[in-house]
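First listed ligand is number 1; within each ligand, the first listed atom is number 1.
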Amino acid sequence: MAQQGIQLDQEKLCCSICLDLLKDPVTIPCGHNYCMNCIESCWDEEAPKQTHSCPQCRQTFTPRPALVKNTLLADLVEDLKKTGLQAAPADHCYAGPEDVACDVCTGRKLKAIRSCLQCLVSYCDQHVQPHYKSPAFENHKLVHPTKRLKESICSYHEEVMKIFCCTDQQCICYLCSMDEHKGHNTVSAAAERTEKQRELEVRQQKFQQKIKVREEDVTLLQQEVKVINQSADKVVSSSEKIFTGLIHLIERRRSNVMQHIRSQQTSLLNRVQELQQQLEEELTELRREDAELGQLSHAEDHIHFLNNYPLLSSPSESMNPTNINLHPLSYFEDVMTAVSAVRDKLQDTLSEGWTKISMMETKKMCYCHKQNPRPDLNSYNTDVK
Ligand SMILES: *[C@@H]1O[C@H](CO)[C@@H](O)[C@H](O)[C@H]1NC(C)=O
C-alpha cells in the first residue's frame, strides 16, 4: 500500500478528444494533455488557418507548437493499466454476453446505455456524452441500447425505417415510400405499433383467459382425485365389513349345525340305551320264566306239576324285533342334504354377485366439466343379520 501513494483515476488520464486512455500523451503550452495522434490530427485539420488552438480552452498558438511525449503522464498511464483492477470501473459496468456493448470502447467494452438510430452505434455513459453536449448530434434519436440496430435500417437506402407500409405489411424508410412503395397506404411505424400492440393485448388476454380456464380444470381434476380416493377407500372398508360379517355368520351357523347334530346324536343314543335296558329287563324275566318251566318239566310229582302248570305264563306274541327301528340314517342324510343345499345356494349367490361386480366398469372420464351427483356411499348397510 505504501508504494500506491496516489489513487489513479482513469477519467483524469483520458484524452478529451478520443475519450480513451492517453496514448503517447503530450502536454501543449496551455497545460492541457492529449494523445499525440489526436492533437496532431486536430491541428492538421486546422492547418489552413495557420492557428492552432486547444480544443479545451481555445487558447491559440502560433506557430504550431512542437509536441514532446510527456513521460511522467505516459508512466502514470502505464501504471494505471497495470493496476487496472483497482482503477477500472466496477465489473457490473462491463458488458456481459447478454448486454449491449459500447461500440466505441476499445479493449474491454463497457455496457452501452444508449443506442443512436442515426449513427447506428451504441454508446457507454462516457462515449454518449458528445451526443448530449454537441449541437452536431442535436437531431440524433437516442434509444435504449439495442443489439438490433441494423434491423431498423433499410438495406436498400441505409436509412432508418420509420414508416410501415400497410399495403405490403412491411417496414420501410422514407426513400422507399417515395420509390417502390409510392402510392401505397402507409402509416408511421409508431402508429402501426400502437395498433398492433392493441391487437396483441387482445390476443394475450384470450390466452390468459384460456390459461385460467385450464388451470381451473387442473384444480377440478385434483379435486376429482380426492373424491375418487375417498370413495374407493369408503367402499373398500364397507365391503370388508360386509364380508367379515358374512364370514362370522357362516362360522356361527357352522357351530349351530354341529351342535344340533351332536344333540341329535345324544338323544338317539339315550333312546338306544333306554331300549337296551328294556330288552335286558325282558330277557331277565324270560330267562327266569324259562328256568321255572325247566324245573317244572323235571318234576316227578304229577300232582305238583298239574297244580303249578296253569300258573306259568306263555311268552307274549307281541314281542316284535322290528319295533327298535329308529331310522337314524335318514336324519343324518337330511341334515347333510340341507347343508349341501346351503353351500350350493351360497356359491351360486356369491358367483352371481361377483359376476355382476366384475362386469361393472368405471365410465370413461370425459373432458367435460359437468358435475354428476354422486351416490351417497353412507346409505349402504354393512350389517349382516
Ligand atoms: C390417491 O390415491 C393414490 C393411490 O393410493 C395415491 O398415490 C395418491 O397420492 C392419492 N392422491 C390424493 C390426492 O390423495
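Remark: of the listed residues N70, I39, N37, I39 is the sole one forming a side-chain contact (heavy atoms from CB on, under 4.5 Å) with V26.
Residue I113 belongs to a hydrophobic cluster whose other members are V104, V121, Y123, V128, Y132, L142, with links defined by side-chain heavy atoms closer than 4.5 Å.
Protein residues with a heavy atom closer than 4.0 Å to ligand 1 are V225, N229, listed by chain and number.
A continuous path of ILVMFWY side-chain contacts below 4.5 Å connects F332 to V339, so both sit in one hydrophobic cluster.
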**OP:** Dump the intermediate steps for side-chain hydrogen bond (donor to acceptor under 3.5 Å, both in side chains) on E281 and Q277, then the final yes or no.
**Re:** CA-CA 6 Å; E281 279 167 13; Q277 212 167 346; 4.5 Å; no
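Note that the CG atom of L22 and the SG atom of C15 stand 6.0 Å from one another [nearest 0.5 Å].
Under a 4.0 Å N-O distance rule, the pair R271/E274 qualifies as a salt bridge.
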